[in-house]
2 protein chains.
Amino acid sequence: MGTIFSTENLYTILSGRTHSAFNRALLTNFRKNNISLTKEQWTILGVLWKNEGCTQQTLADQTSTDKPGITRLIDHLEKENLVERHPDANDKRLKLIFLTPKGKSIEKEVMIVVNETLKNAIRDIEPERLEIVKETFLQIYNNLETKK
Amino acid sequence: MGTIFSTENLYTILSGRTHSAFNRALLTNFRKNNISLTKEQWTILGVLWKNEGCTQQTLADQTSTDKPGITRLIDHLEKENLVERHPDANDKRLKLIFLTPKGKSIEKEVMIVVNETLKNAIRDIEPERLEIVKETFLQIYNNLETKK
DNA sequence: TAAATATAGTTGTTTAAACAACTACAAAGG
DNA sequence: CCTTTGTAGTTGTTTAAACAACTATATTTA
């Protein structure tokens with residue numbers, strides 16, 4: 001059978017094999033360094049380290065996670081004493097998410113592990129080619145979101 | 001904070017945002033066409049359509065899914081009457097996975113939907129750039145698997 | 001202003017990822 | 001032969017993705 005001849009390898013890429021491998025590598029490296037975070041939890045913290053006090057909806061938008069996913073991620077991070085929900089005074093629907101001192105203090109060590117993992121993932125790859133990968137993935141993402 | 005400045009966009013790629021979008025698009029298109037498969041279930045069927053009668057371990061290797069994952073995917077596909085487990089006569093540990101008539105018959109319609117989804121995802125992108133993406137992702141995958 | 005509509009967040013369900021621990025069987029080495 | 005080691009598959013647990021259905025509050029508009 002050969003229906004997917006020309007696009008087969010491309011499918012392998014979009015299917016997420018490499019993404020899964022990166023996810024595993026990051027998790028492994030977190031554990032090696034006694035950081036008990038998942039990739040998704042880290043992604044949330046990454047937004048908060050730049051933009052503390054934003055709403056859950058903002059976190060959803062910036063991480064491409066749906067709202068129920070954010071609710072549960074924040075639940076976990078709250079249990080781990082890394083973030084806190086603060087109800088907004090003006091709009092009672094909103095919950096503003098703030099970092100705890102612990103949530104702030106782990107930034108540096110976490111980012112060292114993230115950057116080392118990333119550096120290892122892209123070792124020996126030419127920057128111009130990485131640039132093409134970035135641009136192409138952005139275009140594919142836009143193609144998928146803006147349905148033809 | 002700016003620890004991840006230079007690699008930030010690249011992280012977005014490896015984090016799987018585009019992969020998730022593709023996954024969603026495929027699921028949506030399956031549903032539109034009354035195909036009740038997930039992307040992962042389709043991936044298993046894709047191997048079987050080429051290589052029927054292989055072991056679960058082979059499916060695990062070819063789809064980068066771990067063994068427990070394969071057990072559960074095969075459970076689902078068996079419930080849907082798409083595949084069957086046949087114990088191997090010579091090696092009692094092995095279970096050979098075969099397609100049912102239904103599992104064989106849906107190949108064509110499923111592949112049409114997959115190919116249309118893929119075609120839409122990569123529309124307006126030059127083949128040479130896609131080739132670079134393929135090669136780079138393979139290299140990143142190898143970098144991650146063969147730890148430095 | 002009252003009713004309709006929109007937004008923010010939560011809960012429940014199904015499916016999958018990752019990993020540890022387990023059973024059953026096979027192959028290799030003493 | 002039999003003990004050790006390896007391989008194939010299963011089960012259990014935690015975390016996440018996707019989606020529907022829901023509550024509470026805000027905004028719009030008739």
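Note that the structure is predicted; figures quoted are calculated from it, not measured. So that the names make sense, note that chain A is the first sequence line, chain B the second, and so on, each numbered from 1.
At the heavy-atom level, N90(A) lies under 4.0 Å from the strands shown only through sugar-phosphate atoms. Within the 4.0 angstrom heavy-atom criterion, no nucleotide atom of any strand lies near I70(A). Nucleic acid contact class of T38(B) (heavy atoms, under 4.0 Å, all strands): sugar-phosphate only. Within 4.0 Å of K67(A), counting heavy atoms only, lies at least one base atom of the nucleic acid. Residue-level contact check: K95(A) touches the backbone only, with heavy atoms under 4.0 Å from sugar-phosphate atoms and none from bases.
For the OP1/OP2 pair of dA16(D) and a distance below 4.0 Å, the side-chain nitrogens and oxygens of H76(A) include at least one atom meeting the criterion. The shortest distance between the side-chain N/O atoms of Q56(A) and the OP1/OP2 oxygens of dT10(C) is below 4.0 Å. The phosphate of dT10(D) has OP1 or OP2 within less than 4.0 Å of a side-chain N or O from R85(B).
Where S64(A) and A89(A) each meet DNA chain D at their nearest nucleotide, the meeting point lying more 5' is that of S64(A). Take the nearest nucleotide of DNA chain C for L27(A) and for T55(A): the residue whose nucleotide is more 5' is T55(A). In terms of position along DNA chain C, the nucleotide closest to E80(B) lies nearer the 5' end than the nucleotide closest to the other residue of the pair E80(B) and N23(A). For the pair P68(A) and E40(A), both in contact range of DNA chain D, the more 5′-proximal nearest nucleotide belongs to E40(A).
Rounded to whole Å, the distance from CD1 on I74(A) to C1' on dT15(D) is 15 Å. The nearest whole Å value for the distance from the CG atom in L96(A) to the P atom in dT25(D) is 16 Å. Rounded to an integer number of Å, the gap from H19(B) NE2 to dA16(C) C1' is 10 Å. R24(B) has its CZ atom 15 Å from the C1' atom of dA16(C), to the nearest Å. Per the geometry, CG belonging to L26(A) stands 12 Å off P belonging to dC19(C), to the nearest Å. If you take CG of D75(B) and P of dA16(C), they are 11 Å apart, rounded to a whole angstrom. Taking atom CZ of R17(A) as the reference point, atom C1' of dA16(C) lies 19 Å away to the nearest angstrom. Spacing between atom CG of D66(B) and atom C1' of dT11(D) amounts to 12 Å, rounded to whole angstrom units.
Checking side-chain atoms of E84(A) against main-chain N and O of E78(A) turns up no donor-acceptor pair under 3.5 Å.
Counting heavy atoms from C-beta outward, N33(A) and E109(A) have side chains that stay 4.5 Å or more apart. Between K67(B) and Q57(B), some side-chain heavy-atom pair lies under the 4.5 Å cut-off.
For L73(A), the side-chain atoms get nearest to dA16(D) when compared with the rest of dA20(D), dG9(D), dA16(D). When distances run from any side-chain atom of R72(B) to the nucleotides dT11(D), dA16(D), dG9(D), the shortest one goes to dT11(D). You'll find that the side chain of D91(A) is closest to dA26(D), out of dG9(D), dG9(C), dA26(D). Nearest to the side-chain atoms of Q41(A) among the listed nucleotides dA26(D), dA18(C), dT15(D) stands dT15(D). Residue L94(A) has its side chain nearest to dA8(C) when only dT13(D), dA8(C), dA8(D) are considered. With distances taken from any side-chain atom of S20(B) to the nucleotides dA17(C), dA18(D), dT7(D), the minimum falls on dA18(D). Taking only side-chain atoms of K92(B), from C-beta outward, the nucleotide of dA16(D), dA18(D), dC25(C) with the closest atom is dC25(C). Residue R93(B) has its side chain nearest to dA24(C) when only dT7(C), dG9(D), dA24(C) are considered.
Linking ILVMFWY side-chain heavy atoms closer than 4.5 Å, directly or via other members, places L96(A) and V83(A) in two distinct hydrophobic clusters.
A parallel orientation is assigned to the rings of F137(A) and F137(B), their planes being inclined by less than 30° (bins at 30° and 60°).
Electrostatic pairing of D75(B) and R85(B) counts as a salt bridge here, judged by a charged N lying under 4.0 Å from a carboxylate O. Residues K119(A) and E116(A) are not paired through a salt bridge, judged by the lack of any N-O separation under 4.0 Å between the basic side chain and the carboxylate.
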